[in-house]
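Ligands are counted one by one from 1 in listed order, and the atoms in each one are counted from 1 as well. Computed from a predicted model, the values in this text were never measured in an experiment.
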Amino acid sequence: MGRKSLSIMGLSCIHGIRYLVKRILLIFERLLWLALLIASIYFCIVVSLSSVDRYYTKSTHIGLERNYHFWNTTLPSLTLCPMERLNQSFLDKFCMANGIEGRDKAEFEDFLENLANSTYTNFHRIPQYQSTDDILERLNIRPENYMELIYNMTYDSSYDPIEKQRTRSIDGQTNIHVRQVLTEYGLCYLGNSKLGEEYSSRYFIFGLYPEFNRHEHTRKLLQVQIGSFFEKDVGYTLLGLRSEAIDSFIHSPFDVMKVDNNFGYTDDGVVYDPESQEVIAEENFEKEATIAQRKCRFYHESNLTHFKFYTRNICQQECRINLAYKICKCIPHFYPNRIATPKQVCSYKTLKTCFPQYTSLFLKLYGDQNSPIKRATCYCEQTCLDAVVTTKSALPMRGSRQLLGSIGSAISMKTWPQNRLKRQVIFTFTDLLVSIGSTAGLFLGFSVLGLVELIYFFTIRLICQILGFKI
Ligand SMILES: *[C@@H]1O[C@H](CO)[C@@H](O)[C@H](O)[C@H]1NC(C)=O
Ligand SMILES: *[C@@H]1O[C@H](CO)[C@@H](O)[C@H](O)[C@H]1NC(C)=O
Ligand SMILES: *[C@@H]1O[C@H](CO)[C@@H](O)[C@H](O)[C@H]1NC(C)=O
Ligand SMILES: *[C@@H]1O[C@H](CO)[C@@H](O)[C@H](O)[C@H]1NC(C)=O
Ligand SMILES: *[C@@H]1O[C@H](CO)[C@@H](O)[C@H](O)[C@H]1NC(C)=O
């Protein structure tokens, strides 16, 4: 470089550089300026990197909102599982068509009913009969067909044309949408849910959305029941299950039920009084932060293999699928398995032999002292929009069965949340640019115009000079 370009650098935007090239300074002074320059660049980089780190790992937070007068709160969901699963007339028809009679029929029905009613806690109760093995063999019913067979033998009572017998969810003269869902506890009914129609038995088993239910539309139909601070008592009743007993699950309207979090076997209706604290997100939250930054996923951001949507409990179900596949080399029949390489489905014998010894490992996803695996190796992000539901009281509806002719449960919300959590972005990409820019400005006196100047001198001016043009 000639003297000219050196003097150009003397005008440079980075302040210390000019002293390095001034000819009259002593070598000692030059070294001093060089050291200062290096130190400044070093600190500039360190501080900028910490801004980058902040952008990637601490750019969102959860704040607390308290202006509760104006909130609309979605009531918790109710999942009810009938404890008698199969419809006798479907069973009769099936047995007639396939020539199953007498004791064989009774044994086959007992087997199928228990299979339909099975979950991690009661796999050991599935009975084993020689006659049933022969029937399964003869009709070529393999484990992959268990769920479809159970579905075929189950009556979806939410489509019953007679109102009194229909499984429905009501609040006075308003209907609230109910659908049959496939859970880890078999086929159940879900009311008051914010989840899409992908969460339904038909979609899980056949990949088809549920059929249009015209009976629900005979009155005003709500997807979910919403209440606010000024209302005293808001609720709904999910009723019309024709079973001796039911098992109830109360959970967030943004998530699915957890099989180990139930209210147990009840043979009469129950009124629950829950409390709900919602977790909401700022409007721009989804766009302004990536999944890794916000550490949560929205419903449609699934990266799961067996499920097309994401919620935290669904992710844990997938953990269970993977754990079962690892330990027992197959998965229970009540999981959706319509994927590119379907996993082996467990025969009822494997369900009886392999699963009962690991019940707590499967349910809690971490094992006790003598389990072979201490912890399931999976990580489930939270659902971005969620609600924390706790139940304050559960009062039995005495005599409701006589009154309604069926069994059901009700939610009645009397207190409204006074806090809610809001996910927010506090350090956006613009903030990152400003932060790095001002760090560079602080340590080096750097500016964008200065940078342009520098590039200009080093490219256009230099080329012109080399080519011998005079500017
Ligand atoms: C709450 O719900 C009412 C009626 O359902 C609606 O008019 C109102 O706009 C909602 N408020 C908010 C903040 O969403
Ligand atoms: C279904 O399972 C539950 C819980 O294990 C049990 O209490 C109930 O009796 C079973 N239902 C039938 C019809 O066996
Ligand atoms: C069984 O299914 C039939 C429809 O085929 C229905 O009419 C009947 O009510 C169902 N029985 C029960 C107990 O749900
Ligand atoms: C269930 O019913 C459908 C339609 O009636 C039939 O095509 C299918 O083969 C049945 N599945 C089993 C396992 O019986
Ligand atoms: C889904 O993403 C999370 C991290 O966001 C990761 O830990 C997990 O392994 C992913 N799951 C699958 C099935 O790819």
Name all pairs fulfilling the side chain to side chain donor-acceptor pair (under 3.5 Å) condition that reach into residues 325-338, sequence neighbours left out, sorted by first residue then second.
Tyr120-Tyr335, Glu184-Tyr335

Cation-pi check for Tyr185 against Arg85: NZ or CZ below 6.0 Å from the six-membered ring centre and within 45 degrees of the axis, yes or no?
yes

Show which atoms of ligand 3 fall inside a sub-4.0 Å distance from at least one heavy-atom site of Ser89.
1 (C), 2 (O)

Residues passing the side chain to side chain donor-acceptor pair (under 3.5 Å) test with Glu244, sequence neighbours excluded, are none

Answer yes if the ring centres of Phe204 and Phe307 are under 6.0 angstrom apart, and no otherwise.
yes

Output yes when the distance from some N or O of ligand 3 to some N or O of Asn87 is under 3.5 Å, and no in every other case.
yes

Given a heavy-atom cut-off of 4.0 Å, could you list the residues near ligand 4 in chain and number order?
Glu148, Leu149, Asn152

Whether Ser157 lies under 4.0 Å from ligand 3, heavy atom:
no

Centres of the Phe355 and Phe362 rings: under 6.0 Å?
yes

Measuring centre to centre across the rings, with the benzene-like ring taken for any Trp, is Phe123 within less than 6.0 Å of Tyr348?
no

Aromatic ring pairing Tyr199/Phe309, orientation class (parallel under 30°, perpendicular over 60°, tilted between):
perpendicular

For residues 280-291, the side chain to side chain donor-acceptor pair (under 3.5 Å) pairs (sequence neighbours left out) are Asn284-Glu288, Glu286-His300, Thr290-Gln293

Counting both backbone and side chain atoms, is some N or O of Arg242 under 3.5 Å from an N or O of ligand 3?
yes

